[in-house]
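Read the structure below first, then the notes.
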There are 2 protein chains.
Amino acid sequence: MAERISDAEHSVMEVLWDKNPLTAQEVVERVAPARDWSANTVKTLLGRLLAKQVIGAEEDGRRYRYRPLVAREEYVAGESQKFIDRLFGGSLTPLVAHLAERDQLSAKEIDEIEALLKALKQ
Amino acid sequence: MAERISDAEHSVMEVLWDKNPLTAQEVVERVAPARDWSANTVKTLLGRLLAKQVIGAEEDGRRYRYRPLVAREEYVAGESQKFIDRLFGGSLTPLVAHLAERDQLSAKEIDEIEALLKALKQ
DNA sequence: TCATCGCGTTTACAAGCGTAATCTTTTATT
DNA sequence: AATAAAAGATTACGCTTGTAAACGCGATGA
């Protein structure tokens with residue numbers, strides 16, 4: 001089901017996940033700051049996402065209001081799995097170990113994650 | 001510096017990271033089981049990786065022996081950072097939280113990560 | 001009514017990618 | 001010597017992606 005979402009498309013999805021439904025115009029406004037795209041580019045991306053059936057459009061007068069058909073949660077789950085499979089043999093431990101070695105975990109993060117894991121154990 | 005490594009190219013890199021230097025022939029043999037590619041395809045990929053300067057080749061008689069110019073460690077670090085930035089706002093905590101919610105962390109993994117974090121704290 | 005504007009649709013076009021087939025050169029075999 | 005095999009280089013080709021411009025149509029303002 002989940003047609004591949006490209007990088008540029010992903011930026012549009014983030015906007016729609018944040019708030020929806022939105023008109024093309026609104027998407028343009030929200031996506032503009034980050035990526036410096038012309039309105040046409042955004043419209044192309046909306047069109048492609050529609051074709052991939054990963055967003056839907058409902059008519060509203062002469063224009064559409066777009067909304068995601070795939071939950072962010074779902075997308076993130078898929079991508080995370082693919083990522084961890086690809087680089088860490090499917091297990092999270094090496095990822096954490098890796099980041100730890102690179103000193104990319106702050107003390108605060110370590111505490112947060114520990115608390116989280118503790119909660120999980122009961 | 002790091003030219004983007006594509007998915008197919010990545011499979012070749014994994015083989016070379018595992019053992020190197022290797023001849024094209026050897027790479028073909030090692031990559032064959034996983035992806036079902038013709039020898040030519042693998043050679044094309046080696047050529048592209050060479051062009052991207054992410055592997056190097058030293059002459060050995062009439063053929064080359066290839067070896068990575070980029071450490072796996074380095075590559076993984078970059079990819080991890082990009083991934084976490086893109087989907088989790090740069091912080092690992094939401095990733096762990098996410099996987100936890102999806103029940104994708106086994107008790108064993110939880111223990112491993114806890115031990116790892118404990119070690120980090122001193 | 002005529003030019004214009006907003007909006008979606010169609011077309012464009014180069015670069016990257018997956019997946020080879022073909023060509024060239026060198027070497028080994030008959 | 002002629003042929004076949006091996007290895008790298010060149011060429012191919014359709015699909016996806018990033019990034020738009022052009023087109024067509026209905027609404028709106030002059």
Side-chain angles (χ1 to χ4, degrees), chain A residues 1-16 20-67 69 75 78-79 82 86, chain B residues 1-16 20-67 70 75 78-79 82 86:
Chain A
M1 77 200 95
E3 292 254 23
R4 174 87 194 134
I5 296 176
S6 83
D7 214 58
E9 287 160 7
H10 177 237
S11 296
V12 171
M13 288 306 288
E14 287 292 350
V15 167
L16 287 175
N20 68 76
L22 294 179
T23 66
Q25 182 51 49
E26 289 167 326
V27 173
V28 168
E29 279 156 22
R30 283 158 206 254
V31 95
R35 327 271 300 218
D36 188 28
W37 285 331
S38 85
N40 275 334
T41 297
V42 175
K43 286 194 233 166
T44 298
L45 294 173
L46 285 171
R48 287 181 183 170
L49 288 168
L50 265 181
K52 292 182 183 180
Q53 309 216 58
V54 61
I55 67 176
E58 63 210 39
E59 241 161 309
D60 173 27
R62 82 210 55 292
R63 57 208 160 125
Y64 291 138
R65 301 175 78 71
Y66 303 90
R67 73 170 73 241
L69 295 182
Y75 172 74
E79 292 299 299
K82 274 192 290 181
R86 200 165 77 92
Chain B
M1 81 197 93
E3 292 253 25
R4 174 85 194 134
I5 296 176
S6 83
D7 214 58
E9 286 160 9
H10 178 237
S11 295
V12 171
M13 289 306 288
E14 288 293 348
V15 167
L16 287 175
N20 68 76
L22 294 179
T23 65
Q25 182 52 47
E26 289 167 326
V27 173
V28 168
E29 279 156 23
R30 282 158 207 253
V31 94
R35 327 269 302 219
D36 188 28
W37 286 332
S38 85
N40 276 334
T41 296
V42 174
K43 286 193 232 166
T44 298
L45 294 173
L46 285 170
R48 288 181 183 169
L49 288 168
L50 265 181
K52 292 182 183 180
Q53 309 215 58
V54 62
I55 67 175
E58 65 210 39
E59 241 160 310
D60 172 28
R62 87 210 71 290
R63 57 207 158 126
Y64 290 138
R65 302 176 77 74
Y66 301 92
R67 71 171 73 242
V70 171
Y75 173 74
E79 292 299 299
K82 274 192 289 182
R86 199 164 78 93

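Reminder, nothing fancy here: chain letters follow the sequence lines and each chain counts from 1.
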Problem set entry | Atom of Glu26(B), atom of Pro21(B) and distance for their closest heavy-atom approach | OE1-O, 4.4 Å
Protein-nucleotides 5-8 of chain D N/O pairs closer than 3.5 Å?
from   : atom 1 : to       : atom 2 : distance (Å)
dG8(D) : OP1    : Tyr64(B) : N      : 3.0
dG8(D) : N7     : Lys43(B) : NZ     : 3.1

For this session: With sequence neighbours left out, write down each residue that passes salt bridge (Lys or Arg N to Asp or Glu O under 4.0 Å) with Asp36(A), or none if nothing qualifies.
Result: none
For this session: In whole angstrom, give the distance that lies between atom CD1 of Ile5(B) and atom P of dC17(C).
Result: 10 Å
Problem set entry | Spacing between Leu49(B) atom CG and dA9(D) atom C1', to the nearest angstrom | 16 Å
Problem set entry | Distance, rounded to the nearest Å, where Lys52(B) contributes NZ and dA15(C) contributes C1' | 11 Å
For this session: For Glu14(B), enumerate each residue passing the salt bridge (Lys or Arg N to Asp or Glu O under 4.0 Å) test, keeping only those at least two apart in sequence or located in another chain.
Result: Arg72(B)
Problem set entry | Value in whole Å for how far the C1' atom of dA21(D) lies from CH2 of Trp37(A) | 17 Å
For this session: Check the distance between dC17(C)'s P and Asp7(A)'s CG and give it to me in whole angstrom.
Result: 13 Å
For this session: Describe the nucleic acid contact of Thr41(B) in one word from base, sugar-phosphate, nothing, applying a heavy-atom distance below 4.0 Å.
Result: base
Problem set entry | Comparing Ala8(B) and Gly47(A) on DNA chain C - which has the more 5′ nearest nucleotide | Gly47(A)
For this session: Check every strand shown and say whether Asp36(A) touches a base, only sugar-phosphate, or nothing at a heavy-atom separation below 4.0 Å.
Result: sugar-phosphate
Exercise. Roughly, in whole Å, what's the span from CG in Leu46(A) to P in dA20(D)?
Worked result: 15 Å
Exercise. Taking atom C1' of dA9(D) as reference, at what distance in whole Å does atom CD of Glu59(B) sit?
Worked result: 14 Å
Exercise. Considering residues at least two apart in sequence or located in another chain, which fulfil the ring-ring contact (aromatic ring centres under 6.0 Å, His included) criterion with Tyr64(B)?
Worked result: none
Exercise. Per the atom types in the model, does the base of dT10(D) pair as donor or acceptor with the side chain of Arg48(B) at under 3.5 Å?
Worked result: no
Problem set entry | Closest non-hydrogen atom pair between Asn20(A) and Tyr66(A), with its separation | CB-O, 3.9 Å
For this session: Please confirm whether any donor atom in the side chain of Thr44(A) sits under 3.5 Å from an acceptor in the base of dA20(D), or the reverse.
Result: yes
Exercise. What residues, two or more places apart in sequence or in another chain, satisfy salt bridge (Lys or Arg N to Asp or Glu O under 4.0 Å) together with Arg62(A)?
Worked result: none
Exercise. With sequence neighbours left out, what residues match Arg63(A) under salt bridge (Lys or Arg N to Asp or Glu O under 4.0 Å)?
Worked result: none
Exercise. To the nearest Å, how far apart are Arg35(B) CZ and dC17(C) P?
Worked result: 13 Å
Exercise. Of the nucleotides dT19(D), dT17(D), dT19(C), which has the atom closest to the Arg4(A) side chain?
Worked result: dT17(D)
